[in-house]
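Below, each value reflects all heavy atoms present in this structure, side chains not excepted, and no hydrogens, waters or symmetry copies. Residue indices begin at 1 and follow the sequence shown.
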Amino acid sequence: MGDIAKGVFAGAWSLLVGWIMPSALNLAVFLLAVAPTLRRTSLVAQLWPGSPVKVPLLLLTGSVLVGLVLHALQNLLYRILEGYVLWPQKVFDWGCRRQLTVKHVLRDRIAAMRLEARLRDGGASDGVAVRLARLRDDPGVARYARQDQARSAIQRALLRERLSRYPVSDEQVAPTRLGNAIRRLEEYGYERFRLDTQVMWHELTGCVPEQVRRQVELARTRVDFFIALLYGHGVVAACAAAALLSSQPQTSLLAISIVLLTLLIPVWYWAAIKATDEWAASVRSLVNLGRKPLAEALGYTLPAELHAERTMWTVLCRLSRLPYHERAHALDQFRAPSPPPPA
């Protein structure tokens with residue numbers, strides 16, 4: 001019973017912090033900035049609660065309902081910002097090319113700084129100078145050359161942090177920064193071990209210790225919070241713009257609200273991208289610590305060689321994702337020996 005209660009409270013905490021709290025903030029802004037204008041219309045005046053005591057109750061009820069709706073739609077909300085849904089094909093392709101260019105420029109800038117450090121330290125071969133000259137000829141690298149040469153060690157680490165928010169494989173690059181920041185954590189298990197966490201997610205989370213699973217949930221909650229704020233600000237700003245068309249708008253209050261909310265939307269988007277760093281670290285921990293218990297729970301023995309382990313996860317994930325094929329017999333070599341029957 002205690003474990004059930006912990007699971008319920010853990011899920012309730014993620015729902016409360018990730019979706020209901022930002023919904024309450026957005027509704028509060030709506031009531032303060034947009035509602036005074038809407039209350040002057042006859043329809044809203046009839047529906048508005050007459051007692052001041054009912055307004056907090058309206059805020060509480062609305063926050064819970066809106067938070068539940070956003071939580072139910074979270075996959076769609078994420079996919080829109082990642083660039084997978086409602087994006088025309090031409091815009092999607094353009095976004096992927098642009099993000100791929102940004103990734104390559106970051107990679108080449110970091111490589112150029114590393115080669116320059118080797119040349120300054122001495123002992124570098126002629127090939128290092130040739131590679132550095134080739135990188136400097138790239139317009140994307142040359143544009144930041146003077147700025148990168150003046151970077152401190154901490155600033156270079158921040159540049160590597162930006163590059164780490166992209167997936168390793170160029171084929172996995174998404175059209176948005178948020179999409180790439182999330183894609184890198186989705187790619188981790190497959191790129192390192194051929195363990196497709198998108199396919200085996202529920203099995204994997206069911207085998208790891210509670211603390212590891214809780215870390216993933218808490219890290220995801222931080223991103224949910226900013227995503228809910230972002231969408232809520234957009235809706236409230238749109239409502240404020242529509243309220244300007246009413247017969248008696250509070251123009252200054254609505255205009256200030258529209259400007260502030262519009263300016264905050266990219267701030268929350270940037271904060272969501274930064275919050276994925278903790279999410280990625282928790283997923284990395286989940287994969288690293290969960291591979292062995294997952295293999296044992298499925299009746300297999302984790303191979304001692306990395307190449308063999310990658311082969312095992314490839315076949316196992318394919319068996320879970322696709323219909324049965326005779327190639328699945330390759331898993332027999334990894335099966336754990338059956339315990340002897342009781343005497």
query = Do Glu82 side-chain atoms and Leu178 backbone N/O form a donor-acceptor pair below 3.5 Å?
reply = no
ask   = Are Leu163 and Lys103 close enough, and set up right, to give a side-chain contact (heavy atoms from CB on, under 4.5 Å), and what steps lead you there?
value = CA-CA 6 Å; Leu163 180 61; Lys103 175 191 173 184; 4.0 Å; yes
key: Side-chain touch Leu81/Thr176, heavy atoms, less than 4.5 angstrom   = no
Pi-cation contact, Phe193 with Arg291 (under 6.0 Å, within 45°) = yes
task = State yes or no: do Leu73 and Ile227 share one hydrophobic cluster built from I, L, V, M, F, W and Y residues joined by side-chain heavy-atom distances below 4.5 Å, directly or via other members?
result = yes
query = Hey, mind stepping through Arg136 and Glu116 against side-chain contact (heavy atoms from CB on, under 4.5 Å) and telling me if it holds?
reply = CA-CA 11 Å; Arg136 285 174 174 171; Glu116 289 173 353; 3.1 Å; yes
note = Between Leu59 and Ala24 the two heavy atoms that sit nearest each other are CD1-O, 3.8 Å
query = Counting N and O atoms only, with roles assigned by atom type, does the side chain of Tyr300 sit under 3.5 Å from a partner on the main chain of Leu331, one being a donor and the other an acceptor?
reply = no
Sidechain-backbone polar pair: Gln74 side chain, His71 backbone, donor-acceptor under 3.5 Å = yes
task = Answer whether the closest heavy-atom distance between the side chains of Ser164 and Arg184 falls below 4.5 Å.
result = yes
query = So, for Leu254 and Pro249, which heavy atoms are closest and what is the spacing to 0.1 Å?
reply = CD1-CB, 4.0 Å
inquiry  = In the structure I gave you, are the side-chain heavy atoms of Leu60 and Ser63 within less than 4.5 Å of one another anywhere?
reply    = no
inquiry  = When you group the ILVMFWY residues by side-chain heavy-atom contacts below 4.5 Å and let the links chain together, are Trp13 and Val66 in the same group?
reply    = yes
Intermediate values then yes/no, side-chain contact (heavy atoms from CB on, under 4.5 Å), Tyr190 and Gln198 = CA-CA 9 Å; Tyr190 183 81; Gln198 298 297 99; over 6 Å; no
task = Output yes when a side-chain donor or acceptor of Glu191 lies under 3.5 Å from a complementary backbone atom of Tyr188, and no otherwise.
result = no
task = Return yes when atom CZ of Arg321 has more than 12 non-hydrogen atoms of other residues, nucleotides or ligands closer than 6.0 Å, and no otherwise.
result = yes
inquiry  = Could you measure the distance from the CG atom of Leu58 to the CG atom of Leu31? Nearest 0.5 Å is fine.
reply    = 6.5 Å
message = Checking the side chain of Ser320 only, and the main-chain atoms of Leu316 only, is there a donor and an acceptor separated by less than 3.5 Å?
response = yes
ask   = Is Ile154 atom CD1 crowded by more than 12 heavy atoms from other residues, nucleotides or ligands, each under 6.0 Å away?
value = no
inquiry  = Would you say that Ile258 contacts Leu244 through its side chain, given a criterion of any heavy-atom pair below 4.5 Å between the two side chains?
reply    = yes
ask   = If you draw a 6.0 Å radius around CZ in Arg131, do more than 12 non-hydrogen atoms from other residues or ligands fall strictly inside?
value = no
remark   = Taking every heavy atom of Tyr231 against every heavy atom of Leu77, the minimum-distance pair comes out as OH-O, 2.7 Å
message = Can you give me the closest heavy-atom contact between Arg109 and Leu159, atom names plus distance?
response = NH2-CD1, 3.8 Å
query = Can you tell me how far the CD atom of Glu187 sits from the CG atom of Asp196, to the nearest 0.5 Å?
reply = 10.5 Å
request  = Check for a donor-acceptor pair, side chain of Arg183 on one end and backbone N or O of Ala174 on the other, with a separation under 3.5 Å.
outcome  = no
query = Rounded to the nearest 0.5 Å, how far apart are CD1 of Ile273 and CG of Asn180?
reply = 9.0 Å
key: CG on Leu195 to CG on Leu204, rounded to 0.5 Å   = 6.0 Å
Charged N-O contact under 4.0 Å between Lys274 and Glu161 = yes
request  = Output yes when Asp93 and Lys90 qualify as a salt bridge under the 4.0 Å nitrogen-oxygen rule, no when they do not.
outcome  = no
ask   = Around atom CD of Glu171, are there more than 12 heavy atoms of other residues, nucleotides or ligands at under 6.0 Å?
value = no
request  = Check the hydrophobic clustering (I, L, V, M, F, W, Y; side-chain heavy atoms under 4.5 Å; chains of links allowed) and say if Leu260 and Val235 are grouped together.
outcome  = no
task = Kindly check if the number of other-residue, nucleotide or ligand heavy atoms within 6.0 Å of CZ (Arg162) is above 12?
result = no
request  = State, yes or no, whether a side-chain contact exists between Tyr166 and Gln172 at a heavy-atom distance under 4.5 Å.
outcome  = no
ask   = If we only count heavy atoms from C-beta on, is the Val208 to Val216 side-chain gap below 4.5 Å?
value = no
inquiry  = Nearest 0.5 angstrom please: Thr197 OG1 to Arg284 CZ, how far?
reply    = 13.5 Å
request  = Please work out which of the three classes, parallel, tilted or perpendicular, describes the rings of Phe92 and Tyr84, given edges at 30° and 60°.
outcome  = tilted
ask   = Is it true that Arg165 and Asp277 have a side-chain N and a carboxylate O under 4.0 angstrom from each other?
value = yes
remark   = To the nearest 0.5 Å, atom OG of Ser257 lies from atom CZ of Phe30 at 11.0 Å
ask   = Is there a chain of hydrophobic side chains (I, L, V, M, F, W, Y, each step under 4.5 Å between heavy atoms) that links Leu119 to Tyr144?
value = no
Nearest non-hydrogen partners of Cys317 and Met200, listed with the distance = SG-CG, 3.7 Å
ask   = Should the pair Glu210-Arg213 be classified as a salt bridge under the 4.0 Å nitrogen-to-oxygen rule?
value = yes
request  = Apply side-chain contact (heavy atoms from CB on, under 4.5 Å) to the pair Ile182 and Glu186, showing each step before the final yes or no.
outcome  = CA-CA 6 Å; Ile182 295 177; Glu186 295 174 342; 3.6 Å; yes
inquiry  = Whether the Thr311 and Arg194 side chains hold a donor-acceptor pair (N or O, under 3.5 Å, no angle test) is what I'd like checked.
reply    = no
inquiry  = When you compare the side chains of His104 and Asp138, does any donor N or O come within less than 3.5 Å of an acceptor on the partner?
reply    = no
message = If you compare all heavy atoms of Leu32 against all heavy atoms of Leu253, which two are closest, and at what distance to 0.1 Å?
response = O-CD2, 3.7 Å
Pair Arg134 + Asp137: basic N to acidic O under 4.0 Å = no
request  = Indicate yes or no: at least one non-hydrogen side-chain atom of Arg222 is less than 4.5 angstrom from one of Trp279.
outcome  = no
query = Do Gln211 and Gln215 have side-chain heavy atoms sitting under 4.5 Å apart?
reply = yes
request  = Look at the side-chain heavy atoms of Ile, Leu, Val, Met, Phe, Trp and Tyr, link any pair under 4.5 Å apart, and say whether Val168 and Val105 land in one connected group.
outcome  = no
message = Regarding Thr37 and Ser246, do their side chains bring together a donor and an acceptor under 3.5 Å, going by distance alone?
response = no
ask   = So, Asp224 versus Tyr78: side-chain donor-acceptor pair below 3.5 Å or not?
value = yes
